[in-house]
Amino acid sequence: MMPNPSGETGTARLIKTPTGYLMVLLQGDNMFVELEALMQNEQIPSASFSAFGFARLATFGFFDFVKKQYDPGSFENVEMASVIGTLAWKDGKPSVHAHGVDCDHRFASVAGHLLALEVGTGITIIVHAQKLERRLDLMIGANLLIIQ
C-alpha cells in the first residue's frame, strides 16, 4: 500500500495482475509522483498505462519547437475521458510520459501532453520486460523513447 494525503489506511491501493498492476489513486493523489514511486519500488523496467475518471487539476503542455519547452495550461474539476502513457527511465530515474483528453461541465474538451495530474481514479499498468529509456533528441529538443 502506498501512502495517501487523505490519511486513509487499510485500503489496497496496488494489486498485482497477470500483466502488471492495478493502481487506485485517491482524490488529491499526484499521478506522476505515484507512478514514479511504483517504478522505483517495484523496479519496473518499462510499462504502458491507461486511466480515466475525475481530476481536480490537469495541466497540459503544448511543445513549442522554437523555445524547446512546453507552454502549460491548467484546468480544474474535469473528467478525464482518456489518459495513456509510458513508463521508462531517464538518467537512472523514472520517466512518465502521458497524454490525455479532458472535458468540463459544458463538455468542452482539451487534449494533449500531460505535465501534471491530480486525480481520483484507477490506473491500469501493463509491465514490459524490456527496459525503455528516454534520451534528448538534439534535433527537436525533446526527450524521446528508445528501445535499448
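Annotation: side-chain hydrogen bond (donor to acceptor under 3.5 Å, both in side chains) contacts of Thr17 (sequence neighbours excluded): none. Every side-chain hydrogen bond (donor to acceptor under 3.5 Å, both in side chains) that Ser74 has, sequence neighbours left out, goes to Thr59. Annotation: side chain to side chain contact (heavy atoms under 4.5 Å, CB included) contacts of Leu136 (sequence neighbours excluded): Leu138, Asn143. Looking at residues two or more places apart in sequence or on another chain, you find no ring pair (Phe, Tyr, Trp, His ring centres under 6.0 Å) involving His128. Considering only residues two or more places apart in sequence or on other chains, Asp71 meets the salt bridge (Lys or Arg N to Asp or Glu O under 4.0 Å) condition with Lys67. In this structure Phe65 satisfies the side chain to side chain contact (heavy atoms under 4.5 Å, CB included) test together with Phe63, Ile140, sequence neighbours excluded. Considering only residues two or more places apart in sequence or on other chains, Ser95 meets the side-chain hydrogen bond (donor to acceptor under 3.5 Å, both in side chains) condition with Arg134. In this structure, the salt bridge (Lys or Arg N to Asp or Glu O under 4.0 Å) partners of Asp104, at least two apart in sequence or on a different chain, are Arg106.
The salt bridge (Lys or Arg N to Asp or Glu O under 4.0 Å) analysis of residues 86-99, with sequence neighbours excluded, yields no pairs. Contacts classified as ring pair (Phe, Tyr, Trp, His ring centres under 6.0 Å) and involving residues 13-50 (residues at least two apart or in different chains) are not found.
The aromatic ring centroids of His113 and Tyr70 lie less than 6.0 Å from each other.
Proximity of Met23 to Leu38: side-chain heavy atoms (C-beta onward) are separated by under 4.5 Å at one or more points. In this structure the side chain of Leu25 reaches within 4.5 angstrom of the side chain of Met31, judged on heavy atoms. Under the 4.5 Å side-chain criterion, counting only non-hydrogen atoms from C-beta, Leu35 is in contact with Leu87. Proximity of Arg13 to Leu26: side-chain heavy atoms (C-beta onward) are separated by under 4.5 Å at one or more points. The shortest distance between side-chain heavy atoms of Asp102 and Glu79 does not fall below 4.5 Å. Inter-residue side-chain proximity for Phe60 and His99 is flagged as unmet; no heavy-atom pair is nearer than 4.5 Å.
Criterion: ILVMFWY side-chain heavy atoms under 4.5 Å apart, direct or through other members. Under it, Val101 and Met80 are not part of a common hydrophobic cluster. Ile126 and Val24 are not part of a single hydrophobic cluster, where members link through side-chain heavy atoms under 4.5 Å apart. Residues Leu14 and Ile44 share a hydrophobic cluster, clusters being chains of Ile/Leu/Val/Met/Phe/Trp/Tyr side chains in contact below 4.5 Å. In this structure, Met39 is not a member of the same hydrophobic cluster as Ile84, with clusters built from ILVMFWY side-chain heavy atoms closer than 4.5 Å.
Salt-bridge annotation for Glu133 and Lys131: present, with a side-chain N of the basic residue lying under 4.0 Å from a carboxylate O of the acidic one.
When every heavy atom of Ala55 is checked against every heavy atom of Leu117, the shortest pair comes out as CB-CD1, 3.7 Å.
Note that the NE2 atom of His97 and the CG atom of Leu144 stand 9.0 Å from one another [nearest 0.5 Å]. Atom CG of Asp29 is separated from atom CD of Glu34 by 4.5 Å, given to the nearest 0.5 angstrom. Residue Phe75 holds its CZ atom at 12.0 Å from SG of Cys103, rounded to the nearest 0.5 Å. Rounding to the nearest 0.5 Å places CD of Glu118 at 9.5 Å from CZ of Phe54.
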CA sep, side-chain torsions, deciding dist, call: Val83, Leu114, side chain to side chain contact (heavy atoms under 4.5 Å, CB included): CA-CA 9 Å; Val83 177; Leu114 279 167; 3.9 Å; yes
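Of the possible polar contacts, none joining the Ser48 side chain to the Thr86 backbone as a donor-acceptor pair under 3.5 Å is found.
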